[in-house]
Amino acid sequence: MSETAPATLGTADPNRWKALVFIALAQLMVVLDATIVNIALPSAQQDLGISDGNRQWVVTAYALAFGGLLLFGGRIADLWGRKRAFVIGLAGFAAASALGGAATNGTMMFGARALQGVFGAMLAPAALSLLAVMFTDAKERAKAFGIYGAIAGGGGAVGLILGGFLTEYLDWRWTFFVNVPFAVVAAAGAYFVIREPEGGRNRSALDIPGVVLSTLGLVSLVYGFTRAESDGWGDSLTVGMFVASAVLLLAFVVVESRVAAPLLPLRVVTDRNRGGIYLSLGLAIIAMFGLFLFLTYYLQVVKGYSPVKTGFAFLPMIAGMITGSTQIGARLMTRVPARLLMGPGFLVASLGMLLLTRLEIGSSYATLLLPAMLLLGLGMGTAFMPAMSLATTGVEPRDAGVASAMVNTSQQVGGAIGTALLNTIASSATTSYIKDHMATAATKPQQQLVQLQGMVHGYTNAIWFAVGILVLSAAIVVTFVNAGSPGSGAVASGDGVEDEAAVPVIAH
């Protein structure tokens, strides 16, 4: 890698703020990719001749590879070094994106998306764990994670805007090609600027059984939820995937408790604070991903917005997330316990979600959607920021990669569950509404109106579930996350014992 000497673990790296720019750029690219392709999908499907039955694989191929390999990617970062994993991940992601943009048929597109997922699974944990080991001062760490949290939370909405612009004014292929300059700049900057602290590697032998079981288990889980959305929860293959996932993940836990060098040391997830963070974050993402889907369809299908106008409609949410992360979360994280930011944050977001249960065909953007989005963004930004930081705080340096991977895994699995679960609830409510009301619609315009009313009725039904999920996230935080404010002195593990092997200066 670069010839610059590595920093010593626990000392402040003079280039850490420059490094943050390139880490944030890479994270933005990965998060953007989750939504930017969705906007381009109809155009790409038509150009490449992908059938309606196969189009889901443009999203699913990425989700399976990314979600299934995250733990492995985190362990590779611990083994090879985070900087090396970060740069290789960026290079691979850029190559896969170029392949996707140049795709000439469906198979080539699916392969490119799977490759993006593979390298994204290496890149995402390396990025977060680099922040964890480079920023050791509590106040600086709060600022760094505030920026990172804002990008992680708001990047998806930025993807909708960028995807709309590129698809409408250029070509769907640019939703892939746009990743290449992002990746080149981030990789070059990382190569010359990042100096990973010494002593943070985990050079233990790779846990092959753990890799196989976790990858197959997570792939089965993500695919089960993806298939449930298209084929229903009672489908035999859907049920089979869930059963296989439960068996594989249970076997994974048994193996990890017995091997000398586990892929996922159970100490990472059994800590009550980190366990509470992973669970609450995963649940909150379920609510958010479902909402992105509903609001995109509501604005485009019901309100008739263009892709670009739809993207801009999400701007208040992005503004709220940035404000919550950098102005509330980052400023208060060193002064108050994380649960006093995360719990109220999830509750404020649930209040925004609650407003959206009043959604109707003629709802005003200014009086309903705007305040709801602001509250959602503000609440989620305030909660995400301490969550991202606390999930890697107090972790032994050799476990930083895999602890970071667990944050991404909870988000990825939560996203897959949210899209499938809430979409199924909405579809069921829509079908029921149309069945009950279509008999009274005599003319074609009346029938179209009933269909739109049914669609909105389905969305509001599912949004009620999302409200409950966010309230549950807040309850989990208050129950499990008992860490004090950073900078309070000791790093308390889940059992209250000080962890002397934790990253110096950082405290719960």
Side-chain angles (χ1 to χ4, degrees), residues 56-57 59-79 110 113-122 124-125 202 204-271 274-275 277-279 281-283 285-286 289 391 399 401-421 424:
Q56 64 158 339
W57 284 102
V59 176
T60 305
Y62 178 82
L64 291 180
F66 190 67
L69 292 170
L70 271 166
L71 283 176
F72 181 48
R75 180 67 181 85
I76 288 292
D78 288 336
L79 184 66
F110 304 149
R113 288 291 283 161
L115 272 177
Q116 278 187 315
V118 169
F119 287 105
M122 182 185 294
N202 184 345
S204 306
L206 197 58
D207 169 23
I208 300 299
V211 169
V212 173
L213 288 169
S214 68
T215 301
L216 291 178
L218 287 170
V219 163
S220 299
L221 184 65
V222 173
Y223 184 55
F225 275 105
T226 304
R227 189 173 173 85
E229 186 185 355
S230 57
D231 293 72
W233 296 91
D235 175 70
S236 57
L237 185 55
T238 302
V239 174
M241 282 292 129
F242 286 132
V243 172
S245 171
V247 171
L248 288 163
L249 292 176
L250 186 61
F252 172 67
V253 172
V254 172
V255 167
E256 298 308 274
S257 66
R258 296 185 179 183
V259 296
L263 173 71
L264 174 63
L266 295 183
R267 61 180 174 268
V268 172
V269 288
T270 53
D271 175 279
R274 276 190 293 279
I277 293 286
Y278 297 145
L279 186 57
L281 205 55
L283 285 169
I285 292 292
I286 289 175
F289 261 65
D399 294 335
V402 80
S404 302
M406 275 301 297
V407 176
N408 289 285
T409 301
S410 66
Q411 288 179 305
Q412 189 64 23
V413 173
I417 293 171
T419 305
L421 179 65
T424 305

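Numbering of residues begins at 1 and proceeds along the displayed sequence. Heavy-atom basis, side chains included; hydrogens, waters and symmetry copies ignored.
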Derivation of the side-chain contact (heavy atoms from CB on, under 4.5 Å) call for Trp233 and Leu421
CA-CA 9 Å; Trp233 296 91; Leu421 179 65; 4.1 Å; yes
Can you see which heavy atom on [X] is nearest to which on [Y], and at what distance?
X	Y	value
Gly120	Pro125	O-CD, 4.1 Å
Leu70	Ala124	CD2-CB, 4.5 Å
Arg267	Arg274	O-NH2, 3.7 Å

Please list every donor-acceptor pair under 3.5 Å in which a side-chain atom of residues 249-261 meets a protein atom from a residue at least two apart or in another chain.
unit_1 : atom_1 : unit_2 : atom_2 : d
Glu256 : OE1    : Leu263 : N      : 2.7
Glu256 : OE1    : Leu264 : N      : 2.8
Ser257 : OG     : Val254 : O      : 2.7

Main-chain N/O of Val211 paired to Ser214 side chain as donor or acceptor, under 3.5 Å
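Yes.
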Between [atom1] on residue [X] and [atom2] on residue [Y], distance to nearest 0.5 Å:
X	Y	atom1	atom2	answer
Thr215	Leu248	OG1	CG	10.5 Å
Leu213	Leu218	CG	CG	10.5 Å
Leu221	Leu216	CG	CG	12.5 Å
Leu279	Ser410	CG	OG	9.0 Å

Validation: residues 236-246 side-chain donor-acceptor distances under 3.5 Å, sequence neighbours left out:
unit_1 : atom_1 : unit_2 : atom_2 : d
Thr238 : OG1    : Gly232 : O      : 3.3
Thr238 : OG1    : Asp235 : OD2    : 3.2
Ser245 : OG     : Gly217 : O      : 3.2

Min side-chain heavy-atom separation Tyr278-Leu283 under 4.5 Å
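In short, these two side chains do not touch, never coming nearer than 4.5 Å.
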Who passes ring pair (Phe, Tyr, Trp, His ring centres under 6.0 Å) against Tyr62, sequence neighbours left out?
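Only Phe66 meet the ring pair (Phe, Tyr, Trp, His ring centres under 6.0 Å) criterion with Tyr62.
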